S.K.: 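One structure, pasted below without further comment.
Values below: all heavy atoms of this structure, side chains included; hydrogens, waters and symmetry mates excluded. Every number for a ligand or one of its atoms is a count from 1 in the order of the listing. Since the structure is predicted, the reported quantities are computational estimates derived from the model, not experimental observations.
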Amino acid sequence: MPYPVAGESPRDTPQWSALAQHAKEIKQTDLRRLFAQDPHRLDWSTLEVGPLYLDLSKNLITQESLRLLLGLAEARYLPEAIGAMLRGEHINVSEDRAVLHTALRHGATIAGPIDGIDVDHEVELVLSHMEEFVRSVRSNLRVGVTGKPFETIVNIGIGGSDLGPEMVTMALQDFSDPNRSMHFVSNIDPVAIGSIFKTCDPETTLFVVVSKTFGTLETLTNATAARQWLSQALADHPGAIEKHFVAVSTNEALVREFGIDPQNMFGFWDFIGGRYSVDSAVGLSIMLAIGPERFRSFLHGFAAIDEHLREAPLSENAPVLLGLLAVWYRNFFGAQSQAVLPYSERLARFPAYLQQLTMESNGKSVRLDGTTVDYGTGAIYWGEPGTDGQHAFYQLLHQGTILVPADFILFGEPLGGPDPQQDLLFANGLAQTRALAFGRNEEELEALGVPAALRPARRMPGNRPTTTIVAQRLTPEVLGALIALYEHSVFTQGVIWGINSFDQWGVELGKELASELVPTLSSPSVPTLDTLDASTIELVSRYRHMR
Ligand code: F6P
């Protein structure tokens, strides 16, 4: 049967029932025993993919668990689904679109044009346009209207048009041009754009307005405020807006209407979802920061994982295995959340980036044909860099009453050159995975001389699953590979659940209601129960008194 497997519940497959039965057995054992019973555990539970090493051994699995999970993947036609995505079939059914972020990095080849577009060629054209622009800015050939080089880049966007550029620019700041400062404005809170006006010099500021639709309220409001600020400040210099504003969008008409020259617009396509767009023209600010060569390395990182997704058998396919583990914990252990814990200061925004990628993708409760799911789907992703998290929320991970599977991301080499502090960072990450997996039992506490009365509080149950991902150093290539790993894990989960990981209708209603409420806040007439609910009427009236 071809993809999609719409309408069928994965619960109705024999593989699901077998997994449910198997999970009961796994719950009777623990990681100490699993490690002791299988001296070859690492042989089947670790893998190297591109620049990444993955250790799945501290998960609550045996070889049998993997065999059964892989059976479920086959039963849900995962290989067919991967093929359908890479071939550009319209797997985003509610928007009737292809899903082609893999085409941005040329890793997984696509034969022929898709929807009448020669995708490879178009991707390359946009990349060349970006490179030409970035080189001219970085070499100070392209300057502001008063002839001064651009020292400040302000990216205005939200969601996928902000999180990716911001997270990557922060992560790769050690590879960035030290002569330019990067800022990201997303929130409609006036404080956000206001701080740009307070600290930046209009003569040396370049605004990159990023919006797939060019219709997003927050982005257009902030961009309009920026346009006003700049045109006032540079009122004596005609043509300031053309020089100081560029756009990244799929909507040329609206970009033109805003006053940005379409020659200064960098395009992408409907088949690139916002949360999958960091490696498209949406990454223009990243390229401005790190330069075209490093941006290409970033793309190579993605491509390595794309090729791996396409070529590796399911049993050795890293993103597939990560996705299956997510399903394992979500559906058979009742886990509601997944922690992502990068042992890297530079990856501080990585969990926030993953929140959009994972939760906007798999926060769904109907299948592709509109039938309602009768099982859990997307988990809550969250996290903070270690070691800060250790001193905040790890207590609950160790001794709390809920199961939170966690991904630990560790690096061998510090970014600033050899440093003994890196040993401390790495050791801390490793120690946490050990404590979570193996805990500390009654006998060990006794051997340590802990009085019996204190032992319950100090007992560490262990048996808390973790995956460890290790890379040499946080380079552009490694970061690209990491992102692609999660992108394809998300897809794997969505396929198992039979949901559409590429639409996001759930965020639309709030946007609509906000536009309806804006005039109400300043209207002289009192809203009534015919138009609003009692709670909202009261809150509106309180707001009116405060404003
Ligand atoms: O919040 C919904 C959403 O559509 C995201 O999917 C998207 O990344 C974000 O808004 C921004 O949209 P745009 O790039 O069109 O401004």
S.K.: If you have a sec, work out which protein heavy atom is nearest atom 6 (O) of ligand 1 and how many Å separate them, to one decimal?
M.R.: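 I find the closest protein heavy atom is Glu360 OE1, 2.7 Å.
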S.K.: Would you please determine whether Lys511 falls within less than 4.0 Å of ligand 1 on a heavy-atom basis?
M.R.: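 Heavy atoms of Lys511 do come under 4.0 Å of ligand 1.
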S.K.: Quick test: of every protein heavy atom, which one is nearest to atom 15 (O) of ligand 1, and how far off is it to 0.1 Å?
M.R.: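 Atom 15 (O) of ligand 1 sits closest to the protein heavy atom Thr213 OG1, 2.6 Å.
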S.K.: Salt-bridge test for Asp503 and Lys364: reply yes if a basic N is under 4.0 Å from a carboxylate O, no otherwise.
M.R.: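 A salt bridge is present here (some side-chain N lies under 4.0 Å from a carboxylate O).
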S.K.: May I ask you to list the atoms of ligand 1 that are less than 4.0 angstrom from any heavy atom of Gln504?
M.R.: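 Here the atoms of ligand 1 in question are 6 (O).
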S.K.: Please state whether Glu508 comes within less than 4.0 angstrom of ligand 1, counting heavy atoms only.
M.R.: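 False for this residue.
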S.K.: For atom 8 (O) of ligand 1, what is the nearest protein heavy atom, given as residue, atom name and distance?
M.R.: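 The answer is Gly160 N, 2.7 Å.
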S.K.: To which protein heavy atom is atom 12 (O) of ligand 1 closest, and what is the distance rounded to 0.1 Å?
M.R.: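 Answer, as residue, atom name and distance: Thr216 OG1, 3.5 Å.
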S.K.: Are Lys511 and Glu508 within salt-bridge range, i.e. N to O under 4.0 Å?
M.R.: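 Yes, Lys511 and Glu508 are salt-bridged.
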S.K.: Return the closest protein heavy atom for atom 2 (C) of ligand 1 as residue, atom name and distance.
M.R.: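 Ranked first by proximity to atom 2 (C) of ligand 1 is Val507 CG2, 3.3 Å.
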S.K.: For the residue pair Phe175 and Phe298, is the inter-centroid distance of their aromatic rings smaller than 6.0 Å?
M.R.: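 Phe175 vs Phe298: aromatic centres not under 6.0 Å.
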S.K.: Salt bridge check, Glu293 against Arg135: does any charged N sit closer than 4.0 Å to a carboxylate O?
M.R.: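 Glu293 and Arg135: salt-bridged.
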S.K.: Among all protein heavy atoms, pick the one closest to atom 11 (C) of ligand 1 and tell me residue, atom and distance.
M.R.: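 It is Ile158 O, 3.2 Å.
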S.K.: Assess, by modelled atom type and distance only, whether the side chains of Thr102 and Asp306 contain a donor and an acceptor separated by less than 3.5 Å.
M.R.: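 No.
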S.K.: If you count heavy atoms of other groups shown closer than 6.0 angstrom to CD of Glu124, is the number above 12?
M.R.: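 Atom CD in Glu124 is crowded, with more than 12 foreign heavy atoms closer than 6.0 Å.
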S.K.: When the ring planes of Tyr276 and Phe502 are compared, do they come out parallel, tilted or perpendicular, using 30° and 60° as the limits?
M.R.: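 Rings of Tyr276 and Phe502: tilted, 30 to 60°.
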S.K.: Please report whether ligand 1 has a polar contact with Thr219, defined as an N or O pair separated by less than 3.5 Å (distance criterion only).
M.R.: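 No: no nitrogen or oxygen of Thr219 is under 3.5 Å from one in ligand 1.
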